[in-house]
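Beneath this line is the structure, given in structure tokens, with notes to follow.
Model, not experiment: these values are computed from the prediction.
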Amino acid sequence: MSHELPKAYDPSAIEARWAGYWVAEKLFHVATPDSPKNVFDLLLPPPNVTGRLHMGHMLNQTEMDIIIRWHRMRGENTLWLPGTDHAGIATQMMVERQLATENKKRQDMGREKFVERVWEWKRHYGGAILEQMKRLGASVDWGREYFTMDENLSVAVKEVFVRLYEQGLIYRGKYIVNWCPRCMTAISDLEVVHEETQGKLYEIRYPIVGSKDYITVATTRPETMLGDTAIAVNPKDERYKNLIGRVVRVPLINREVAIIADDWANPEFGTGAVKVTPAHDPNDFAIGQRHNLAQINIMDETAKLNENAGPYAGLDRYAARKKVLEDLEKEHLLGHVKDHMLSIGKCDRCKTVVEPRLSTQWFVKIAPLAKRAIEVVDKGHIKFTPDNYKTIYLNWMNNIYDWCISRQLWWGHRIPAWHCSDCKQDTVAREAPTKCAHCGSAKIEQDTDVLDTWFSSALLPFTTFGWPKQTKDLEVFYPTSLLITGFDILFFWVARMIMMGCWFMGDEDKLEALNGVQREEKLKASVPFREVYIHALVRDADRQKMSKTKGNVIDPIEIIERFGTDAVRFTLASMAAPGTDIAFNEDRTEGYRAFANKIWNAARFIFMNVDKAQQSGAWPAANFDPTATPDAKTLEDKWILSRFHTVTQAVDEALKSYRFDEAANAVYRFFWNEFCDWYIEIVKLRLNAGESEPDKSTTKAALAFTLHIFEGSLRLLSPFMPFITEEIWHAVYDGKPPAKSIALTRYPMPNAKLVNSATEAEMALLQSFIVDVRTIRAEMKVENKLKTPVEALAKDGIRKTLEQNLYAIQKLANAETLTFMEKSLSNAPGAKVSPNYEVRVVYEQKIDVAAERERLTKELKKLEAERDNAQRQLANEQFMAKAPEKVKEGIKRRADELAGLIAKLQSALLELNR
RNA sequence: GGGCGGUUAGCUCAGUUGGUUAGAGCACCUGCCUUACAAGCAGGGGGUCGUAGGUUCGAGUCCUACACUGCCCA
């Protein structure tokens, strides 16, 4: 990379090149270190193989990459482990859809062929999202990439299943589960999304056998009455007390069922009497268990009614509802029908209304796992940021139900259980058995179900490092340092990793046998990650959730192509305040593209001067090391050095607490508003001095200093904007960089010794003096090119600063001369007073008296209000008695200042009005 | 129904343990092509911090209630 940079910054010209270089050079590959000391590692939440990069990924990965690059540059052994998830349902749906275009169905192909087809699909398309990731500059270790269905990970999944089964923590049974009639599989509670929907509440009369009376029940799903096996009333409900034990006839199918007493029936809701359908409602299922009721399943796996529904068999559930209502109407058994808001459960994947269904499934007995997962978070062994997620997590974990882990799919980890058709028992084993472990029969067949995808992803923090083998990787990389993820998978993934990690890396069921100290240490080391940082959602500019149906989805790749990856990364980082959603606004990105351009042009300016100095012999500098701090001689040198270290410190602190926004803003303001706007502008004069100066030392010193700060700024910026900083950093070294990448250099470390508040205050004074002159000139409408004489009144110390930096005032404030006066200037036209000095621009043009009066009056009013406030406080005895000395002194000093300023302004106004 | 947030400039958001004059970006107005950058430079206007109480010498910040609003869980 030479010093020749094109005039305007063009991200598309550099980003692809560096992204390719980082991957090809294996720059972010980490060999397994000898010890876990000084290791920082992070698991990429594996995207689905079917996935396409969206803004959520980009936010997630930008944050991870910033943290990872920062740690790497701090000299730690830094591993960011990438991989993809096989995503059971999603992938199977994708391939089924592909088959549909060929008029094929998976059922026609058979399981084996279908699975082979999915693998083929995965080989073709499964890497797309990782390719997109590469454009983001994600500095992952591609050499360690995994897929959740890899052989070694599958072995680990089996191992976990078998152990949990042996420990009695996995069981199989017939229960009510959430069933998706479209996916034709059971799904877990978490995969059901509840939606408020306007529905109806129907009252149905059930004739009481042996009487002319009816009992009226209320229901939102009348078709399920075909499976009713009881009517329940609350035992305390006086209205129904004498009916308990009576028998009613279920209309339409004429089944006789009993009226039972159960607390579940809520006297306040509907009629107070409820129908009980144990095979089609989880609460009714529980009632059924308590009262030993029959379970009549009236639907098949597609939610069509089956033979148990008599004349309704074959109808879809909604057609059946319509028909049932019509028939009830005919028999005059339908009572009031009213609107009713209800919460409907839908399949997270395909949005089909979920049907509670009685079926045989595998479950994880969750309580023992949850107990430990609660303990580690309670004790702070895992730290949440923002910390309110700790409450949310614990709340959920304390109210957790058993986890249904079996799925009636073909794509996924097949359950390692074999059913015996002779003794009906299950054999659960690591390797396929040849005979039943219970009766020895050879008539065994493997369970056809696969495991919930989240079951295998819950294990990743240890399985990716080689578990169940005791590998070196496992020893040094587990627990991982940090997890960065979105709140949407807090329960799906984060919570389950904690449960599984703490169990399997914490001696499983043997932990409690350890003594107190040992147990505590083991527990502490069992966590899958020490910290969790949870980020919010990326929304559109109007704060709307992005969705395909709304058509407001922002495609990161498209936005990257328009503004460059660095600008988009910086946008996300600068808006990533913990706990709040990000309303992604393109205007911001445009602004950060401008920032990148600013960096680019600063580089061009500096390189131009380096080249010029080389030609004039002022800059031999063959072995110049910009990372070595040169001596600061001038105010601006000392100041920018102090600011650099202040900002470095601020960035360090911000990143430690995941304040990506603060870190990004601090470095942005430093580079643009301080380094470019002030330092470079002032130093320009010194850079040009070489021509007239025999030994050219001024130019050399200025250049050395400028390069030092600039190079440091590039390193400071590089985790946020890896591409442009890489490009320019190589150019700084004129193609002979000391490392293969800026990412492999050290991050700037704050040096408190170089921070000097006196210098910063002195510079602030100089800046305010220059700004005042500019303001007066603007107000007096002095033409830009015209240099004007400036007069000032100031005390010795301040006068000295102004005198010593005369060249800056002349250049930056367009001052022709600076003359120090002995008398107050406040009554003269074009003057401005401040606590530290008075300044006046000498300009002969007629002043706009009205405008000037308005300005002075406004200023005066503001100061008077402030003075009144200060005086009120100083007159307040309570305040004087209780406020800290520091605050009181501050107000007193300010009151004095104000008095002086007000007097001067009043006098100036008088003068103006004369 | 249970839980967790949010409400600060036209917009999007900062504001650390309560302390002197509440900040940024974008947008807006004015003037500048000052040879690094018009994707730029300089200057400027704009906020009674959701409402009502309370604690305090002092509240954007702490407490209570209310209003509006977002999300999670059932």
Side-chain angles (χ1 to χ4, degrees), chain A residues 5 7-9 189-190 192-194 282 343 345 386 388-396 399-401 487-488 490-491 536-537 539 541-543 545 563 567 571 574-577 579-609 653-654 657 659 661-662 665-666 668-669 672-673 676-677 680-681 684 770-771 774-779 781-785 811-814 855 858 862-863 865-866 869-870 872-874 876-884 886-895 897-898:
Chain A
L5 301 179
K7 182 170 176 189
Y9 162 66
D189 294 341
L190 276 178
V192 178
V193 287
H194 295 268
S343 165
N388 63 308
Y389 282 104
K390 177 179 172 176
T391 318
I392 295 172
Y393 167 91
L394 288 174
N395 208 342
W396 184 78
N399 294 291
I400 196 167
Y401 292 94
F487 68 89
D488 50 329
L490 178 62
F491 306 135
L537 218 61
R539 297 167 172 275
D542 301 319
R543 302 201 63 75
K545 221 173 187 167
F563 299 105
T571 307
S574 70
M575 299 187 80
T580 46
D581 284 346
I582 292 178
F584 189 88
N585 193 334
E586 233 177 81
D587 294 344
R588 285 283 284 263
T589 313
E590 211 176 318
Y592 292 124
R593 181 186 56 180
F595 179 50
N597 190 49
K598 188 79 186 175
I599 302 167
W600 189 263
N601 278 293
R604 288 179 59 232
F605 174 77
I606 293 167
F607 295 159
M608 184 185 86
N609 282 287
E653 278 165 19
S657 49
R659 292 303 306 256
D661 58 331
E662 284 184 357
N665 290 332
Y668 174 95
R669 279 198 291 269
W672 198 322
N673 303 133
C676 288
D677 289 351
I680 289 187
E681 288 306 324
K684 269 179 181 172
I770 289 168
V771 168
R774 284 170 174 172
T775 307
I776 299 168
R777 283 174 53 99
E779 275 164 1
K781 305 209 190 303
V782 179
E783 302 117 78
N784 275 49
K785 281 179 186 156
K811 165 106 180 37
L812 271 55
N814 255 334
R855 181 181 72 84
K858 201 172 159 190
K862 206 174 111 191
L863 294 181
E866 203 192 327
N869 195 37
R872 198 174 317 120
Q873 292 212 64
L874 292 172
N876 185 329
E877 280 173 36
Q878 303 259 41
F879 172 78
M880 295 308 283
K882 290 181 182 173
K886 216 175 116 189
V887 174
K888 282 191 286 187
E889 264 173 42
I891 292 182
K892 260 184 233 163
R893 197 181 326 118
R894 182 66 184 159
E897 273 176 19
L898 287 166

Between [X] and [N], does any side-chain N or O lie under 4.0 Å from OP1 or OP2?
X: A:Lys781; N: B:rU30; value: no
X: A:Lys888; N: B:rG58; value: no
X: A:Arg593; N: B:rC37; value: no
X: A:Arg774; N: B:rG43; value: yes
X: A:Asn869; N: B:rU21; value: yes
X: A:Trp600; N: B:rG40; value: no

Practice item. Could you tell me whether A:Asp488 contacts a base, only the sugar-phosphate backbone, or nothing, with contacts defined as non-hydrogen atoms closer than 4.0 Å? Key: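 The residue A:Asp488 makes no contact with any strand.
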Practice item. Scan A:Asp587 against the nucleic acid and name what it touches under 4.0 Å (heavy atoms): base, sugar-phosphate only, or nothing. Key: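 If one applies the 4.0 Å heavy-atom cut-off, A:Asp587 turns out to touch the sugar-phosphate alone, with no base involved.
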Check your understanding: A:Asn814 versus A:Arg774: any side-chain heavy-atom pair under 4.5 Å?
Key ->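 No, side chains not in contact.
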Point to revise | Test item: A:Lys684 and A:Phe605 side chains (from C-beta on) under 4.5 Å apart, heavy atoms | key: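 A side-chain contact exists here, since the closest heavy-atom pair is under 4.5 Å.
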Give me the distance, rounded to whole Å, that separates [N] from [M] when you measure between the [atom1] atoms they each carry.
N: B:rU34; M: B:rC41; atom1: P; value: 14 Å
N: B:rA67; M: B:rA52; atom1: P; value: 15 Å
N: B:rU61; M: B:rG45; atom1: C1'; value: 28 Å
N: B:rC63; M: B:rU56; atom1: P; value: 16 Å
N: B:rA74; M: B:rG6; atom1: C1'; value: 23 Å
N: B:rC71; M: B:rU12; atom1: P; value: 16 Å
N: B:rA42; M: B:rA24; atom1: P; value: 14 Å
N: B:rG15; M: B:rA59; atom1: C1'; value: 14 Å

Review point. Under 3.5 Å, is there an N or O donor on one side and an acceptor on the other linking the side chain of A:Glu681 and the base of B:rA36?
Key: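 When only heavy-atom distances are counted, A:Glu681 does reach the base of B:rA36 through a donor-acceptor pair under 3.5 Å.
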Check your understanding: Per the atom types in the model, does the base of B:rU20 pair as donor or acceptor with the side chain of A:Arg893 at under 3.5 Å?
Key ->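 No pair found.
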Among the nucleotides [options], which one has an atom lying closest to any side-chain atom of [X]?
X: A:Asn601; options: B:rU21, B:rC37, B:rC73; answer: B:rC37
X: A:Phe491; options: B:rG19, B:rC4, B:rC73; answer: B:rC73
X: A:Arg659; options: B:rG43, B:rG15, B:rG31; answer: B:rG15

Check your understanding: If you pin A:Asp189 and A:Met575 to their nearest nucleotides in RNA chain B, which one's is more 5'?
Key ->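 The answer here is A:Met575.
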Practice item. Assign each of A:His194 and A:Lys785 to its nearest nucleotide of RNA chain B by heavy atoms, then name whichever residue's nucleotide is nearer the 5' end. Key: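 With A:His194 and A:Lys785 compared, the 5'-side residue is A:Lys785.
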Partner lookup for [N], please. Criteria are Watson-Crick or G-U wobble with both distances under 3.5 angstrom; report none if nothing qualifies.
N: B:rU34; value: none
N: B:rU7; value: B:rA67
N: B:rG1; value: B:rC73
N: B:rG43; value: B:rC29

**Study point:** Pairing residues for A:Arg593 by the side-chain hydrogen bond (donor to acceptor under 3.5 Å, both in side chains) criterion, not counting sequence neighbours
**Key:**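 Here no residue qualifies.
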Point to revise | Basic-acidic side-chain contact under 4.0 Å: A:Arg894, A:Glu866 | key: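 Here A:Arg894 pairs with A:Glu866 in a salt bridge, since their nearest N and O are under 4.0 Å apart.
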**Study point:** Partners meeting ring-ring contact (aromatic ring centres under 6.0 Å, His included) with A:Tyr393 (sequence neighbours left out)
**Key:**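 ring-ring contact (aromatic ring centres under 6.0 Å, His included) check on A:Tyr393 returns A:Phe384.
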Review point. A:Glu783 CD to B:rU34 P: how many Å, rounded?
Key: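 Taking CD of A:Glu783 and P of B:rU34, I get 15 Å after rounding.
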Check your understanding: ring pair (Phe, Tyr, Trp, His ring centres under 6.0 Å) with A:Phe595: which of A:Trp600, A:Tyr9, A:Phe563, A:Tyr668?
Key ->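 Testing A:Phe595 for a ring pair (Phe, Tyr, Trp, His ring centres under 6.0 Å) against A:Trp600, A:Tyr9, A:Phe563, A:Tyr668 leaves exactly one candidate, A:Tyr668.
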